[in-house]
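This structure is in structure tokens; I'll ask about it shortly.
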Amino acid sequence: MGKRFLIYFFALVIVLSGIIHQPVAGDIGPKPSVNVEIKGLEGEEYWVTLLAEEIGRGPHDADNVEEERIYLDEDGKKVFDIIMELCKDEDFYFWGIIQNCTEDNLFVWSYYPPKNFKILIFLPKLNKYYISDKVYSQYALDSYFKVKIDDIASSNINKIPEDNIETVEDEIVETEVVEEDTVETETVEADTIESDTVERIEIEKGNVEKVIINDKAVEKEYDYPKEIRNLLIRMMATIIVEILLALLMGFRNKRELAIIFVTNVATQIFLNIALNIMNFPTNYNFEGYMALEGIVVLIEGFVYIKTIGKERGKKSYIPIGIYAVIANAITLYAGFVLAEIVPKYF
């Protein structure tokens, strides 16, 4: 019993130590994510971010974004500075999170993404950026969007009647020109107008062209196969951790390990379904998640005591209860770490 107690004690110390050293104490476990897939920019270098409707949330603060800048390489810092300037002319806030999506064409914000946001795509080599006209919102625990660059102008092009084109070409149109070190509005003569949702101008070196992403170019696309795959990955990771911990704590009987396996499968399915149901009407909140985790601990502890404890006797109730708490605390922390390393799956 003494050796097992030491195992319990050191496991708890490791978990608490990890939690204490996190940027936000105790704020661990799966978080909602926003996933944006980009179509039509294959082969181009581009960076993506979300501009938030609110000034800050959780660890993010638009007035203190320099902390995010220090983690970027030199190219990333240059892009960061330009986006900072671009955002001065927008009504939404830049929280400092940017990703180079050149290779996988996928942007994933997996830790406290904004609830309401605009999508911004910046192409440094082309001196161009795209920004959504519409405000989008999280609609599930994991929200998926697809931006089709080829559809930005095509859905609205040629809306101007042909007999009016000559008149339009002679008009003076106010468009935005954003310089890398300053933001200003200029009046330029338009050669052509392709779309009522796209602002296009002849740019000079050092200026940035702004293109509006219309709503028809953005699709909500919940990825059910991916979510099922991620659920299975998370479930297997949880079960592996808890079985290994069970072995360390003296649960060697095949029947006991089978009970732990089946119970974890059931509680993981319950937890993931409950999280998605909770997020649809109310948006994700940490307190709600922790309440669900508490329910999971109670369910697992109750099942283990009624099955494993019944065979081992009343003296095993407390160690079994401690195992249920520590096992869930460790998997919570492991989930947080894995979400930082491989956010696509956790």
Side-chain angles (χ1 to χ4, degrees), residues 30-41 46-62 65 68 79 83-84 86-101 104-123 128-156 176 195-199 210-227 230 275-286 288 339 343-344:
K31 300 290 187 296
S33 70
V34 173
N35 306 261
V36 182
E37 183 182 2
I38 313 297
K39 293 289 187 181
L41 289 179
Y46 66 96
W47 298 68
V48 181
T49 188
L50 305 178
L51 302 187
E53 190 175 48
E54 53 190 335
I55 194 168
R57 179 170 174 256
H60 305 299
D61 184 357
V65 295
E68 302 293 343
V79 172
I83 292 178
M84 280 281 290
L86 297 177
C87 293
K88 290 179 181 178
D89 206 37
E90 304 293 341
D91 295 330
F92 278 52
Y93 298 97
F94 177 50
W95 286 0
I97 303 297
I98 62 172
Q99 292 175 19
N100 187 334
C101 301
D104 55 10
N105 301 299
L106 180 65
F107 172 84
V108 180
W109 191 327
S110 61
Y111 188 67
Y112 274 99
K115 292 181 180 179
N116 304 304
F117 53 85
K118 288 187 176 184
I119 301 168
L120 187 147
I121 305 168
F122 177 63
L123 291 78
K128 177 191 292 188
Y129 77 102
Y130 296 85
I131 186 167
S132 62
D133 187 43
K134 181 181 176 181
V135 178
Y136 297 95
S137 302
Q138 294 179 42
Y139 59 88
L141 187 67
D142 296 298
S143 301
Y144 293 89
F145 298 88
K146 181 182 289 184
V147 179
K148 297 181 178 180
I149 299 298
D150 293 338
D151 291 349
I152 289 177
S154 61
S155 61
N156 289 286
E176 293 177 333
S195 164
D196 60 354
T197 59
V198 181
E199 298 178 20
K210 175 179 178 179
V211 182
I212 303 298
I213 303 174
N214 54 52
D215 188 38
K216 292 183 179 180
V218 181
E219 297 177 358
K220 289 182 181 179
E221 193 174 73
Y222 194 77
D223 195 337
Y224 288 97
K226 181 179 178 182
E227 283 302 299
N230 290 352
L275 280 171
N276 277 282
I277 292 173
M278 178 182 73
N279 195 71
F280 275 112
T282 62
N283 273 324
Y284 174 90
N285 62 82
F286 178 68
K344 294 179 183 179

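All residue numbers refer to positions in the sequence shown, counting from 1.
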Euclidean distance, I121 CD1 relative to I149 CD1, rounded to 0.5 Å: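 The CD1 atom of I121 is 4.0 Å from CD1 of I149, to the nearest 0.5 Å.
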
By side chain to side chain donor-acceptor pair (under 3.5 Å), which residues pair with E54, not counting sequence neighbours?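 Residues passing side chain to side chain donor-acceptor pair (under 3.5 Å) with E54: none at all.
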
Hey, is the main chain of P114 close enough, under 3.5 Å, to the side chain of Q138 for a donor-acceptor pair?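 Yes: the side chain of Q138 pairs with the backbone of P114.
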
Is there a donor-acceptor pair under 3.5 Å between the side chain of Y139 and the backbone N or O of Y144?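 Side chain of Y139 to backbone of Y144, a donor-acceptor pair under 3.5 Å: yes, one is there.
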
With side chain to side chain contact (heavy atoms under 4.5 Å, CB included) as the criterion, how do Y129 and L120 come out once you've worked through the C-alpha distance, each side chain's angles and the decisive distance to 0.1 Å? CA-CA 7 Å; Y129 77 102; L120 187 147; 4.0 Å; yes

From L106 atom CG to K146 atom NZ, the distance as rounded to the nearest 0.5 Å: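 Rounded to the nearest 0.5 Å, the CG-NZ separation comes to 11.0 Å.
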
Could you tell me whether E90 and K210 make a salt bridge, using a distance below 4.0 angstrom between a side-chain N and a carboxylate O?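 Judged by the 4.0 Å cut-off on N to carboxylate O distance, E90 and K210 do form a salt bridge.
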
Quick check for you: to the nearest 0.5 Å, what is the distance between L50 atom CG and Q99 atom CD?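 If we round to the nearest 0.5 Å, L50:CG and Q99:CD are 9.0 Å apart.
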
Min side-chain heavy-atom separation V135-K118 under 4.5 Å: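 Heavy-atom side-chain distance check passes, below 4.5 Å.
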
How many angstroms lie between CD1 in I83 and CD1 in I131, if you round to the nearest 0.5 Å?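 Going from the CD1 atom of I83 to the CD1 atom of I131 covers 10.0 Å.
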
Testing V36, V34, D215 for side chain to side chain contact (heavy atoms under 4.5 Å, CB included) with Y136, which one passes?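 That would be D215; it is the only one of V36, V34, D215 passing the side chain to side chain contact (heavy atoms under 4.5 Å, CB included) with Y136.
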
Hey, does the side chain of S137 reach the backbone of N116 with a donor-acceptor pair shorter than 3.5 angstrom?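 Checking the backbone N and O of N116 against the side chain of S137, no donor-acceptor pair under 3.5 Å is found.
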
What is the distance from atom CD1 of I119 to atom CZ of F92, rounded to the nearest 0.5 Å?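 Spacing of CD1 (I119) from CZ (F92) equals 11.5 Å.
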
Roughly how far, to the nearest 0.5 Å, is CD1 of I212 from CG of N214?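 Result: 9.5 Å between the selected atoms.
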
Partner of F117 by ring-ring contact (aromatic ring centres under 6.0 Å, His included), out of W109, F94, F145, Y112: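 Among W109, F94, F145, Y112, the one that satisfies the ring-ring contact (aromatic ring centres under 6.0 Å, His included) with F117 is F145.
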
Please check: side-chain N/O of E68 versus main-chain N/O of W95, any donor-acceptor pairing under 3.5 Å?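 Pair absent, no side-chain N/O of E68 close to backbone of W95.
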
